Amino acid sequence: MKQNIFKKYDVIVVGAGHAGCEAAAAAANLGSSVLLVTMNMMNIAQMSCNPAMGGIAKGQIVREIDALGGYSGIVSDRSMIQFRMLNKSKGPAMWSPRTQNDRMLFSTIYREILEKTNNLDFWQDMVTGILVEKEQVIGVRTSMGHEIFAQSVILTNGTFLNGIIHIGNKKFGGGRMGETASTGLTASLNELGFESARMKTGTPVRIDGRSVDFGKLEEQKGDEKPGKFSYTDTQPPKKQRSCYLLFTSPEVHDILRSGFDESPMFQGRIKGIGPRYCPSIEDKIDRFADKEKHQLFLEPEGWNTVEYYLNGFSSSLAGHIQYKALTKLPGFENAKIFRPGYAIEYDYFPPLQLKYTLETKLVPNLYFAGQINGTTGYEEAAAQGIMAGINAHLKNNQKEPLILSRSEAYIGVLIDDLITKGVDEPYRMFTSRAEYRILLRQDNADLRLSPIAYRIGLISDERIKKMEEKKNGIEKIKQFLADTSIDLDEMNRLLDQVNSAKLKQKIKLKNILLRPEIGIQNLIRGSNALRNFLEQEELMKEEILEETEILVKYQGYIDKQKDLANKFRRLEDIQLKENFDYHTLKSLSYEAREKLNKIQPKTIGQASRISGVSPSDISVLTVFLGR
C-alpha cells in the first residue's frame, strides 16, 4: 500500500515567488495549516528581474500589503540599499515610495520570516497536476509521485508554466535562467476546461561593476531623509548605495538593429505578448524609431556585490549583439558581463475565469494569484497572493470573503480590472488606473486597511493601537489648527521669509496652512503655540505631521472623491443573479449579452466596467432588477 507522508492541509500554495509567499503567510497567520510547495527552496521570494520594490502606484500597493499584515514591506525595508519617494514634485496622490534592494538579502530575509511563521510547512517538488473530486479541488500531484491533499489550493506559478527562454536563435526550457520550467500543470488545468494563453517578459544583461567607468555616468543618490514601506518599527537605512543614469545613442541603436534578423521577437518565434510598459530595448528602438536615445539606469544588486542590473536594456537579441551594443554606451567601453539578457515565454490563464476572491469559477476552492493571471511585477503578484491566502482561509472557515473595492485600495482596482476587463498584455498598475487615487495615497494605507486586517485577525492589538494613536493624533492637530488664531507679528516674520503675503488681521492657523508655499514645518517654526502643543501632546512624528498637512491642504478634493465613491457604491451594492442567462434579456446589445454571460458580474457596478457594456445596457439591467 502506498504510504502518504503528508497530513491533509487546509491550504496548499504552489510556487514560492512573491505571490506564493504572501499567500502562504496570510493563510498561516490566520490559523490555517499551510504547505508551501516550491521547485527550489534556495529561491524563495527571488527577485527574478530588477532588484527593487515599489515605484509609481506599485509603492502604494506595497504599503497596502503591509497595512493588511503582509511581509513585502518589512522585507523590503530590511534589505533596502536605497530609498526614493518618486513624484514629490506632484500632488500627494502621486507620491510613490521605491526601494533599491539587496537581491540575495531580500530572499534570505523572506525565507527566515516564513520559517518563523507558525502553521507553515515547506516541500521542494514540482506540482504537475491538481486533484479534483466531485468537481472540487482536493489537492495536488507532484513530479515525485506524491498526492498531497488540502481543502484549498492556490497556484502562484509565475513564469514557470511551460517556460521557454529565448536568446537570439537559441531557445531552451526554463522558468528563470538556470532553473527548469514547470510542466504538466497547464495540461491538467486545460483538461478541466480552463483556457490558457502565452505571455512574454524579459530581463537585461547583468554587468560586472568593476569594468564600468562610473565617472561617465550621472549619479542618482537616495533621498537625503530616507523613508520606508512598513508601518511596523523597521528602520530606514543609515547609509545608501547610488544608482546611475545614462542614455543610449544612434550608434547603439544601429548595432541592435543589426541583430533583428536573429531576433526571436521579430522573426515570430515568440508568440506571447510582451509588457507594453516595460518593453525590450529592441522593441523600443523599433516602435520609437524617431528617438535618438533612451534612458537607462545602472542599479546595484546588493551591498557586497559588484553585480549591476541595467534597467531599460532588457533584450532577447543574440548575446554577441547585446555585448557589442553595450560597449558603445558611455562608461561601458570595457564592460564585462555576468550573463546576457533574455526573454521568457510562459503560460497564463486569462483572469476572466476568476471571482473577486481570486477563486476560479470553474473549480471551487482553487485560487490563482500572480503572473498566472497575466500580471507583471512583484508588487501586483504579492497583492494577489495576500488576497488569495486570506480568502482561501475565510472560505475554509465558512466566513465572509474579503473583497476590497476600487475606492478602498489599489489592490481593489487591480483585482477588479483583472476579473472584469481581463488582460491582453501583461498588466501593470499605474496611478491613472485608480479613479479614486486621492483617497488611495501611500501615506494613509494603514488608516484605510489596518482596521479591516484587524477585524479578520491578520494584525495584532499592538499594530491597531499604533494606527489608532496616529489617527487620533491627526484629529487633535487638525482641531488645534482649526481653533487656534495666529500671533500676527510671529506669523508675519515667517511669511516674510517665504515670500508670502503678510497678514493684516488674525486668522486661524488652518488658513495659513492652505497657502501653497506654507508647509506644516514652516508653520511649526512660525508658531510657538503650535510647537508647544505638538511637543506637549508628543505629536512631532513626521508621519502624523505629513498626513495632517495633506488632509488640511487637500480636504476639498478628498471630500469630492468621497462623495463620488459613495454615489458609485450604490451601483456596487446592487447585486446581480449568479449564473444568470443574459441572452434572455433581448433589450441588451448582443455584445453586452455575450460579455455578461462570460464574466457573470456580481454587481451592476462591475457590469458597468466591462468593455462592450454601454450605459444603455446598464439602464436595461437596472429596470430588469426593478430599480
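Model, not experiment: these values are computed from the prediction.
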Tell me whether [X] contacts the main-chain N or O of [Y] through its side chain, where contact means a donor paired with an acceptor under 3.5 Å.
X: Asp102; Y: Trp303; value: yes
X: Thr484; Y: Leu481; value: no
X: Glu64; Y: Tyr410; value: yes
X: Asn397; Y: His393; value: yes
X: Arg531; Y: Ile524; value: yes
X: Asn29; Y: Ala26; value: no
X: Gln561; Y: Ile438; value: yes
X: Asp66; Y: Tyr231; value: yes
X: Ser230; Y: Gly73; value: no
X: Asn444; Y: Leu439; value: yes

Write down the atom of [X], the atom of [Y], and the distance for their closest heavy-atom approach.
X: Ala19; Y: Gly370; answer: CB-CA, 4.1 Å
X: Gln60; Y: Gly55; answer: OE1-O, 4.0 Å
X: Gly302; Y: Arg241; answer: O-NH1, 2.5 Å
X: Ala28; Y: Asn119; answer: O-ND2, 2.9 Å
X: Thr376; Y: Pro426; answer: CB-CB, 4.0 Å

Run the salt-bridge test on [X] and [Y] with the 4.0 Å N-O cut-off and return the result as yes or no.
X: Arg63; Y: Asp446; result: no
X: Glu115; Y: Arg111; result: yes
X: Glu549; Y: Arg515; result: no
X: Asp483; Y: Lys508; result: no
X: Asp223; Y: Lys225; result: no
X: Glu537; Y: Lys476; result: yes
X: Glu408; Y: Arg448; result: no
X: Glu572; Y: Arg609; result: yes

Over 12 foreign heavy atoms within 6.0 Å of [atom1], [X]:
X: Lys88; atom1: NZ; result: yes
X: Phe247; atom1: CZ; result: yes
X: Lys510; atom1: NZ; result: no
X: Glu462; atom1: CD; result: no
X: Lys395; atom1: NZ; result: yes
X: Gln295; atom1: CD; result: yes
X: Met85; atom1: CE; result: yes

* Asked: Taking it one step at a time, do Glu380 and Arg428 satisfy salt bridge (charged side-chain N to carboxylate O under 4.0 Å, His left out)?
  -> CA-CA 7 Å; Glu380 291 90 342; Arg428 176 180 175 167; 5.3 Å; no
* **Steps toward side chain to side chain donor-acceptor pair (under 3.5 Å) verdict (Asp559, Gln555)** => CA-CA 6 Å; Asp559 288 343; Gln555 193 64 55; 2.9 Å; yes
* Among side-chain atoms of Ser107 and Gln46, is any donor-acceptor pair under 3.5 angstrom? ->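 Absent: no donor and acceptor within the cut-off.
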* List the steps, then state whether side chain to side chain donor-acceptor pair (under 3.5 Å) holds for Asn373 with Thr375. => CA-CA 6 Å; Asn373 290 335; Thr375 60; over 6 Å; no
* **is_close_aromatic(Phe106, His18), centroid dist under 6.0 Å** =>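 Close enough - the centres of the two rings lie under 6.0 Å apart.
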* Test side chain to side chain contact (heavy atoms under 4.5 Å, CB included) applied to Gln442 and Ser96, step by step -> CA-CA 7 Å; Gln442 58 84 31; Ser96 301; over 6 Å; no
* **Cation-pi, Trp95 ring and Lys90 (6.0 angstrom, 45 degrees)** =>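 Judged by the rule (NZ or CZ under 6.0 Å from the ring centre, within 45° of its axis), Lys90 is not positioned above Trp95.
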* Asked: Under the 6.0 Å and 45° cation-pi test, does Arg433 pair with Tyr427?
  ->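 Output yes; distance and angle both within limits.
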* Under the side chain to side chain contact (heavy atoms under 4.5 Å, CB included) rule, what do Thr156 and Val13 come out as? Steps first, then yes or no, please. => CA-CA 7 Å; Thr156 69; Val13 178; 4.2 Å; yes
* How many angstroms lie between atom SG of Cys243 and atom CZ of Phe297, to the nearest 0.5 angstrom? ->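 The SG atom of Cys243 sits 8.5 Å away from the CZ atom of Phe297.
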* Apply side chain to side chain donor-acceptor pair (under 3.5 Å) to Asn391 and Thr357, showing your working. => CA-CA 6 Å; Asn391 280 311; Thr357 57; 5.2 Å; no
* Hey, does Pro92 have a side-chain heavy atom less than 4.5 Å from the side chain of Tyr554? ->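 The answer is yes, as the side chains (C-beta and beyond) meet within the 4.5 Å cut-off.
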* To do: Please state whether the rings of Tyr244 and Phe214 are parallel, tilted or perpendicular, taking 30° and 60° as the class boundaries.
  =>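 Rings of Tyr244 and Phe214: tilted, as their planes differ by 30° to 60°.
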